[in-house]
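Right, one structure below, let's go through it.
Because only heavy atoms are used, hydrogens play no part in the values below, and waters and symmetry mates are left out as well, while side chains stay in. Bear in mind that the values here come from a model prediction, so they are computed numbers and not experimental data. The chains referred to below are lettered A, B, ... by the order of the sequence lines, with proteins before strands, and numbering in each begins at 1.
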2 protein chains.
Amino acid sequence: MNKDQHTSEGKEVDWTGFLPGIAIDCVMVGYNEKQLKVLILEYKETGFFALPGGFIRRNENLDVAAQRVLQKRTGLEGIQLNQFHTFGSLNRYAPEPMRKIMKKNGLQPAEDHFLLQRFVSTAYYALVNFEQAEPIADFLSDSCRWYDINQLPKLLWDHRDIIQKALESLRKNIDDAAVGLTLLDEEYTMRELRTLYETILDKEINRSSFHRKMVNSGRLERVGKKSTGKAHRSPYLYKFVSN
Amino acid sequence: MNKDQHTSEGKEVDWTGFLPGIAIDCVMVGYNEKQLKVLILEYKETGFFALPGGFIRRNENLDVAAQRVLQKRTGLEGIQLNQFHTFGSLNRYAPEPMRKIMKKNGLQPAEDHFLLQRFVSTAYYALVNFEQAEPIADFLSDSCRWYDINQLPKLLWDHRDIIQKALESLRKNIDDAAVGLTLLDEEYTMRELRTLYETILDKEINRSSFHRKMVNSGRLERVGKKSTGKAHRSPYLYKFVSN
DNA sequence: TACTATTGTTGCATAGTGTAACAATAATAA
DNA sequence: TTATTATTGTTACACTATGCAACAATAGTA
């Protein structure tokens with residue numbers, strides 16, 4: 001058999017249980033203090049950073065595998081995952097960092113170890129509530145943390161490109177994605193929702209147009225007013241309609 | 001080594017030269033006589049039909065592999081390929097048809113033969129000129145033919161779903177895809193272009209709105225008139241502007 | 001020369017959106 | 001109590017895009 005000792009997970013990993021050659025990478029997007037965040041793993045003692053990812057079990061759907069990866073890293077279930085691209089460039093095959101990571105974890109991988117192969121990677125993005133998620137490192141990493149999308153550390157392989165493409169995809173789907181539903185608190189002001197849009201799209205949005213569009217979309221419901229404590233009219237609170 | 005005899009291609013196939021577990025499927029879309037066409041392979045003596053596909057060489061980019069598949073089946077180079085989804089459902093793993101296909105080709109595949117594994121498949125669609133393409137079967141097939149997208153034979157695995165998703169993707173991108181550029185002759189009337197759009201979108205399009213939109217897009221150029229021989233005003237001919 | 005069918009074009013209604021202005025209002029200052 | 005201030009809610013206007021309908025142009029036919 002082809003097993004590694006991974007005491008940090010308390011069990012051995014049987015790499016033969018996964019499909020070879022194909023991996024999954026997840027861009028988990030959060031939002032806090034007017035900034036977009038992405039979950040990033042830091043590998044032990046190497047200064048290497050990368051997206052959370054995983055592999056597909058031999059009797060597991062691709063989409064289910066992605067759900068599993070997300071659940072492992074955030075503790076959340078039932079999050080909508082969006083497959084946006086599959087990355088298969090040759091220049092993403094660079095086993096040296098992974099070999100170093102494994103050595104730092106006390107492993108002595110053979111040259112043809114599962115993790116040192118070339119992988120094609122199908123990438124998903126997911127909108128994750130910053131408050132509810134609990135970043136959890138995997139057995140090769142010592143941290144899984146939120147990073148500001150504009151202040152990412154240098155990432156391994158093509159993971160910077162993957163995040164960029166995820167962001168483009170999110171921007172394209174922003175109106176369908178119900179971004180406010182996941183990224184904001186249950187109730188929010190129009191200003192907060194607009195700021196979220198502006199942050200994602202990285203451009204200013206006209207105030208009254210946005211207001212009209214959101215109200216007319218029929219997906220928002222007024223649920224009260226918010227006291228800002230400031231010297232001006234207090235804004236309404238909205239939430240997504242539940243149909 | 002792990003080689004099969006394939007005299008129809010005049011050489012052996014060394015399956016170890018490909019990445020395992022991941023395949024490519026191509027939806028090549030053509031247009032003829034007001035109907036959308038798709039290139040479909042028929043496997044020898046089995047009555048099995050499937051999309052043209054292939055695998056990724058160990059030192060080959062994913063996108064390049066897709067180009068190679070397309071080139072092999074159509075003889076065309078430089079066609080734009082659009083990756084639209086990666087299919088990884090478990091229910092697409094059904095090796096029995098492939099085993100039968102191989103046996104009909106005089107092969108006696110081992111249980112764990114490369115082609116009998118589970119594959120995740122990254123799918124591309126491409127717009128292909130019906131006149132210029134020369135459908136070419138591969139070594140396991142005895143034909144590669146255009147089929148009307150509304151009269152497809154029963155396809156193996158999930159290939160019907162793949163075509164459906166390709167069509168949805170094409171519809172979403174129809175305005176960017178410059179469909180007329182590839183699917184029509186170099187010069188065409190507004191009526192022909194509109195009929196193409198209507199065929200792809202499967203709905204009627206308002207005549208004058210379409211006319212306006214296309215003219216205002218700045219991507220069309222009037223290049224003359226066409227004699228229809230009919231008793232009415234003759235339409236202008238257009239072509240895509242070359243910038 | 002009138003007729004017919006189709007194309008090219010234009011006017012009108014409606015919807016979406018950018019811009020600016022006005023109205024409402026909650027706290028603060030006078 | 002009243003004026004001030006800042007921000008939100010709303011509305012008017014302009015411009016664009018698009019569906020719809022009507023009119024004009026025209027190439028062949030009767």
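For A/His211 and C/dA20, the NE2 to C1' distance is 16 Å, given to the nearest whole Å. Whole-Å rounding puts the B/Arg222 CZ to C/dG8 P distance at 7 Å. Between the NZ atom of A/Lys226 and the P atom of C/dA24 there is a distance of 24 Å, rounded to whole Å. The nearest whole Å value for the distance from the NZ atom in A/Lys225 to the C1' atom in C/dA27 is 14 Å. Distance CZ (B/Arg212) to C1' (C/dT9): 10 Å, rounded to an integer number of Å. Atom CG of A/Leu237 and atom P of C/dA26 are 13 Å apart (whole Å). The distance from atom CG of A/Asn206 to atom P of C/dG16 is 16 Å, rounded to the nearest whole Å. At whole-Å resolution of the value, CG in A/Asp175 and C1' in C/dT17 are 13 Å apart.
Counted by atom type alone, A/Arg212 and A/Ser208 present zero donor-acceptor pairs between their side chains at under 3.5 Å.
If you check every strand for non-hydrogen atoms under 4.0 Å, A/Ser208 touches a base. In this structure, B/Arg191 reaches the sugar-phosphate backbone alone: every heavy-atom distance under 4.0 Å involves primed, P, OP1 or OP2 atoms, never a base. Looking at heavy-atom distances under 4.0 Å, B/Ser234 makes contact with sugar-phosphate atoms alone, never a base.
Residues that satisfy the salt bridge (Lys or Arg N to Asp or Glu O under 4.0 Å) test with A/Glu60, not counting sequence neighbours, are A/Arg68.
Taking the six-membered ring for Trp and thresholds of 30 and 60 degrees, B/Phe210 and B/Tyr197 have ring planes more than 60 degrees apart, a perpendicular arrangement.
In summary, B/Arg92 and B/Asp161 do not engage in a salt bridge, as defined by a charged side-chain N under 4.0 Å from a carboxylate O. Ion pairing between a basic and an acidic side chain is recognised when a charged N comes within 4.0 Å of a carboxylate O; A/Lys172 and A/Glu168 show no such pairing.
First and last contacts of DNA chain D with chain B, using any nucleotide atom under 4.0 Å from a protein heavy atom and ordered 5' to 3', fall at D/dT18 to D/dG28.
Checking A/Ser227 against A/Lys213, the closest nucleotide of DNA chain C that is more toward the 5' end is the one next to A/Lys213. Residue order along DNA chain D, read from the 5' end via each residue's closest nucleotide, puts A/Val215 first among B/Lys203 and A/Val215. Projected onto DNA chain D by closest heavy-atom contact, B/Thr228 and B/Ile205 fall at different nucleotides, the more 5' of which corresponds to B/Ile205. Between B/Thr189 and A/Phe210, the one whose closest nucleotide on DNA chain C sits nearer the 5' end is B/Thr189.
Here the side chain of A/Ala231 is nearest to one of C/dT25, C/dA21, C/dA27, namely C/dA27.
Dense packing is recorded around CD of B/Glu221, with more than 12 heavy atoms of other residues, nucleotides or ligands lying under 6.0 Å away.
Nearest heavy atom pair, residue A/Leu237 against residue A/Lys225, reads CD1-O, 3.7 Å.
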